[in-house]
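See structure below.
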Amino acid sequence: MSESTSLLLELTINGQPHAVTVEPRLSLLDLLRDHLHLTGTKKGCAQGACGACTVLVNGERINACLSLAVQMQGREITTIEGLSTGDDQHPLQQAFVACDGFQCGYCTPGQICSALGMVSEWQRQVPSARTADLRASHIAFSRDELRERMSGNLCRCGAYNGIVDAVAQVYEGALGEPAP
Ligand code: FES
Ligand code: FES
């Protein structure tokens, strides 16, 4: 049996530099959870269908289960653990509590990271499948757009109304227009 080749990986996670030796087949999700013990990021389907593993890579949301750790060389990863400062929760975390945006909470870290990535896409005016006019100079912040843009994150508890309320509440004003 041939020995697998391990590689030195250097990356930044939640502002902290890390240097770890990994096998080429290791997923980013397993690196976070099993090697670095950042278990806030959840494993649901492990095949890109549920969004429970969503993290930010250089500010873009991705499914960590579909990404190889070695692809993250030199990149900046943000997980749910990186969003709060001490006892101060991120406004999205507070809003999820205030709006009943969860029941069991298993999907919540992925929902929150996905919402952050979604808003960044919105601010860059990236269209979604709901965007009627792809040539429009401005894409309005609507509840339908929000639902579509968050549709890659499943909630088995069905807390969708609270999730949409929480995201809309936080970004009212920040997006330059009223929440839907
Ligand atoms: S665990 Fe990655 S998408 Fe489901
Ligand atoms: S709160 Fe339970 S899966 Fe979403």
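Owing to the predicted nature of the structure, the values given are computational and were not obtained by experimental measurement. Atoms within a ligand are numbered from 1 in the order they appear, just like the ligands themselves.
The distance from atom 2 (Fe) of ligand 1 to the nearest N/O/S atom of Cys50 is not under 2.8 Å. Residue contact annotation: Cys107 places an N/O/S atom under 2.8 Å from atom 4 (Fe) of ligand 2.
In this structure, Asp165 and Arg143 approach most closely via the heavy-atom pair OD1-NH1, 2.8 Å. Here the closest heavy-atom approach between residue Ser67 and residue Met72 is recorded as CB-CE, 3.8 Å. The minimum heavy-atom distance between Cys113 and Leu56, with the atom names listed, is O-CD2, 3.5 Å. Taking every heavy atom of both residues into account, Ser142 and Trp122 meet most closely at N-CH2, 3.6 Å. When every heavy atom of Cys53 is checked against every heavy atom of Cys65, the shortest pair comes out as SG-N, 3.4 Å.
Residue Gly105 places a heavy atom less than 4.0 Å from ligand 2.
The closest side-chain donor-acceptor pair between Thr131 and Glu145 falls under 3.5 angstrom.
Within ligand 1, the atoms closer than 4.0 Å to a non-hydrogen atom of Ala46 are 1 (S), 4 (Fe), numbered from 1 in the order shown. The distance from ligand 1 to the heavy atoms of Ala49 drops below 4.0 Å at these ligand atoms: 3 (S). Every atom of ligand 1 with a heavy atom of Cys45 under 4.0 Å away is listed here by number and element: 1 (S), 3 (S), 4 (Fe). Close approach of ligand 1 to Cys65 is summarised as follows: ligand atoms under 4.0 Å from at least one heavy atom of the residue are 1 (S), 2 (Fe), 3 (S). Those atoms of ligand 1 with a heavy atom of Cys53 less than 4.0 angstrom away are 1 (S), 2 (Fe), 3 (S). Close contacts of ligand 1 with Gly48, meaning ligand atoms under 4.0 Å from a residue heavy atom, involve 3 (S). The ligand atoms of ligand 2 that sit less than 4.0 angstrom from a heavy atom of Cys157 are 1 (S), 2 (Fe), 3 (S). The contact set between ligand 1 and Gly51, taken as ligand atoms under 4.0 Å from a residue heavy atom, comprises 3 (S), 4 (Fe).
Screening Asn63, Thr54, Asn153 against Ser114 for a side chain to side chain donor-acceptor pair (under 3.5 Å) leaves a single residue, Asn153.
In this structure, the side chains of Cys50 and Arg156 come closer than 4.5 Å at one or more pairs of heavy atoms. Residues Leu116 and Leu92 meet the side-chain proximity criterion, which asks for heavy atoms closer than 4.5 Å.
Closest protein heavy atom to atom 3 (S) of ligand 2: Arg156 N, 3.2 Å. Of all protein heavy atoms, the one lying nearest to atom 1 (S) of ligand 2 is Gln103 N, 3.2 Å.
Counting heavy atoms under 4.0 Å from ligand 2, residue Cys155 touches it through both backbone and side chain.
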